[in-house]
2 protein chains.
Amino acid sequence: MTRKEAIRYAATVLFAHKGFQETTMQDICKVTGTAEGTIFYHFKSKEGLLMAILEHAKTQILSEYEAAFTGRDFASGLEMMEEAVAHYFRLAGVMEHEFTLLQRQFPHQLAEENPECRSHLAAIYSCLTDIFERVVRAGQADGSMGAFPPRETAMILFAMVDGLLRLKTCNLYDAGALYDELIASCRRMLAKPCDGSC
Amino acid sequence: MTRKEAIRYAATVLFAHKGFQETTMQDICKVTGTAEGTIFYHFKSKEGLLMAILEHAKTQILSEYEAAFTGRDFASGLEMMEEAVAHYFRLAGVMEHEFTLLQRQFPHQLAEENPECRSHLAAIYSCLTDIFERVVRAGQADGSMGAFPPRETAMILFAMVDGLLRLKTCNLYDAGALYDELIASCRRMLAKPCDGSC
DNA sequence: AATTTGACTGAGTGCTCAGTCGGTTTTTCT
DNA sequence: AGAAAAACCGACTGAGCACTCAGTCAAATT
C-alpha cells in the first residue's frame with residue numbers, strides 16, 4: 001500500500017466515524033505517521049481528499065456489482081432479489097467504512113455545490129437502485145413477482161435495506177440479526193398475490 | 001415566541017440543515033438578530049443548546065404519539081399499521097427540522113459519551129418502534145397478520161419508513177411520491193399468507 | 001425615587017485548524 | 001557517482017471559532 005493509499009484509507013475511516021469537519025488533518029497524520037505537508041502534497045485540499053475517497057468508492061462499488069451480476073442467471077426474480085440483498089450486505093461488510101461514510105450527510109450536502117461530488121454519488125446510487133429495479137422486472141418477466149411499478153418498488157426495497165443498515169450505524173439495532181427476517185419480508189412483499197381462490 | 005424559543009428554533013433549523021459543527025453561533029445570531037452573549041445567557045454551551053433541542057423534540061414526539069394512539073381502536077391490525085405509517089409521515093412533515101436533525105449522525109455520536117443525550121434519543125426511538133411492535137401484535141391478535149416475530153418485524157417496518165424519509169433528506173427521491181406504494185407493500189408484507197390452496 | 005433583578009450586548013481572548021513554504025531525504029535516471 | 005525529480009517534513013500563518021466579561025438598559029420591587 002503506497003503512502004497515498006494509506007492516507008486515503010485512514011481518512012475514509014476517520015471521516016466515516018468522526019465526520020468530515022470533526023476530523024482534523026492532524027488526526028490523519030497521527031494515524032498514518034506522516035507529516036501534514038505530505039497530505040497536501042498528494043491531495044490538493046481536505047475536500048479534494050474526500051473527492052478521492054468518493055471516486056475510489058464509486059469505482060469499487062461499480063466493479064463489485066459488475067462482477068456479481070453480469071453473465072449470471074437466476075432461477076427466478078425472487079432468487080435474484082435474494083442475491084441482490086445478500087450482495088448489498090456483503091458489500092456493506094467488505095467496504096464498511098465507505099458505506100458508513102455514504103450514510104452520513106456531508107457527502108450529500110457537498111454534492112449540492114460540487115458537481116464532481118454530485119456525479120460520484122449519482123453513479124453509486126443509480127448502480128445500487130438499478131439492480132433492485134432489474135430484480136423486479138426480472139421477477140415480473142418470469143412470473144414470480146406481482147405487477148408492481150418497478151422503479152417505485154425498487155426504491156422501497158432500497159430504502160428497506162439501507163434503512164436497516166442505518167440502524168446499525170446509529171447503534172439502534174444489529175442489522176445482521178434481522179437479515180433472515182428481511183429476506184422473508186421482501187419475499188412476501190414481492191411475491192405474486194394468490195388469485196383470490198382462498 | 002420568547003427570545004429563548006426563537007434561538008432554539010433557529011438552531012434546530014440550522015443544525016438540521018448545515019450540521020452541528022458546521023453551524024456557528026454567529027449563524028444563529030444572524031438569523032435571530034441577537035447578540036452572541038444572549039445565546040450563552042440562555043444556554044450554557046453549544047452542546048447545551050443541542051440538548052435543549054433534543055429534549056423539546058422528545059417531549060413533542062411523545063405527546064403527539066400519545067394523542068394519536070391512546071384510547072383509539074382500529075378495525076384491524078392492518079388499519080392500525082396504516083395509521084402508524086401515516087402518522088409517522090405526518091409528524092415528519094410537522095416537525096420537519098427535528099426529524100432531519102435526528103437523521104443526522106451527530107446526535108447519535110454525542111449519545112455515546114453524553115448520558116442525557118442518550119436518554120433523549122432512546123426515549124424517542126423506543127416510542128417510534130414500540131408503536132410498530134404494537135401494530136404487529138394487534139394484527140396477530142385479530143388474525144389480520146401472519147405469525148412473524150413482532151419485534152423484528154417492527155424494526156423492519158421502522159427501517160422501511162425511516163429509510164424512505166432518508167431518501168428525501170439526501171435528495172435521492174421524493175418520499176411522498178412513494179407513500180401509497182409503501183402502504184401497499186407493507187400490507188403485502190404483513191398480511192397473513194393464504195393457506196396454500198392456491 | 002432608589003434599588004435590585006433579569007435580559008441583553010459586542011468587543012475581546014485564546015485556541016484550533018486548513019493550508020503554505022523552504023528545506024531535507026529518498027528514489028530514479030543518466 | 002552525480003544530477004534531477006519525486007516524496008516528505010514540520011514550523012509557521014492567518015482566519016475562524018466557542019466562549020467570556022464588563023457593562024447597558026428597562027422593568028419590577030421596595
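Side-chain proximity of A/Phe40 to D/dT20, C/dA18, D/dA7: nearest is C/dA18. For B/Ala35, the side-chain atoms get nearest to C/dT9 when compared with the rest of D/dC9, C/dT9, C/dT20. Distances were taken from every side-chain heavy atom of B/Tyr41 (C-beta onward) to each of D/dC8, D/dA18, C/dA7; the shortest belongs to C/dA7.
For B/His42 and B/Arg3, the side-chain atoms include no donor-acceptor pair closer than 3.5 Å. Side-chain contact check for A/His120 and A/Lys58: at least one donor-acceptor pair (N or O, by modelled atom type) lies under 3.5 Å.
Residue contacts for A/Thr32: at a heavy-atom cut-off of 4.0 Å it reaches no nucleic acid atom on any strand shown. Using a 4.0 Å heavy-atom criterion, one finds that B/Thr38 contacts the bases of the nucleic acid, with or without backbone contacts as well. Counting any heavy atom pair closer than 4.0 Å across all strands shown, A/Thr2 reaches no nucleic acid atom.
Enclosure of atom CD in A/Glu116 by more than 12 non-hydrogen atoms of other residues, nucleotides or ligands within 6.0 angstrom is indicated.
Under the 30°/60° scheme for interplanar angles, the aromatic rings of A/His87 and A/Phe69 are found to stand perpendicular. Under the 30°/60° scheme for interplanar angles, the aromatic rings of A/Tyr125 and A/His108 are found to be tilted. Aromatic ring pairs are classed by plane angle as parallel below 30°, tilted from 30° to 60° and perpendicular above 60°; the pair B/Tyr88 and B/Phe99 is perpendicular.
Looking at A/Glu64 and A/Arg90, no side-chain N of the basic residue comes within less than 4.0 Å of a carboxylate O on the acidic one, giving no salt bridge. Remark: B/Arg187 engages B/Glu82 in a salt bridge, criterion side-chain N to carboxylate O under 4.0 Å. In this structure, A/Glu181 does not pair ionically with B/Arg151, as no charged nitrogen and carboxylate oxygen lie closer than 4.0 Å.
Atoms CD (B/Gln26) and P (D/dC19) sit 13 Å apart, rounded to a whole Å. Atom-to-atom, NZ of A/Lys46 to C1' of C/dT16 comes out at 11 Å; the value is rounded to the nearest Å. Taking atom CZ on B/Phe43 and atom P on D/dT20, their separation rounds to 15 Å, with Å as the unit. Between the CD atom of B/Glu36 and the C1' atom of C/dA11 there is a distance of 10 Å, given to the nearest Å. A/Lys44 has its NZ atom 15 Å from the P atom of C/dA18, to the nearest Å. Note: CG (A/Leu49) to P (C/dC17) measures 16 Å, nearest angstrom. Following rounding to the nearest Å, B/Glu22 (CD) and D/dA18 (C1') show an atom-to-atom distance of 15 Å. Taking atom CD of B/Gln21 as the reference point, atom C1' of C/dA18 lies 14 Å away to the nearest angstrom.
Of the possible polar contacts, one joining the A/Gln109 side chain to the B/Lys18 backbone as a donor-acceptor pair under 3.5 Å is found.
Nearest-nucleotide positions on DNA chain C place A/Met25 closer to the 5' end than the other of A/Met25 and A/Gly37.
From one end of the helix from C/dA1-D/dT30 to C/dT30-D/dA1 to the other, with five pairs defining each end axis, the axis direction shifts by 10° (rounded to 10°).
At C/dC8, one or more side-chain N or O atoms of B/His42 fall inside 4.0 Å of OP1 or OP2 (strictly under the cut-off).
The stretch residues 3-17 of chain A comes close to DNA chain D through A/Arg3, each having a heavy atom under 4.0 Å from the strand.
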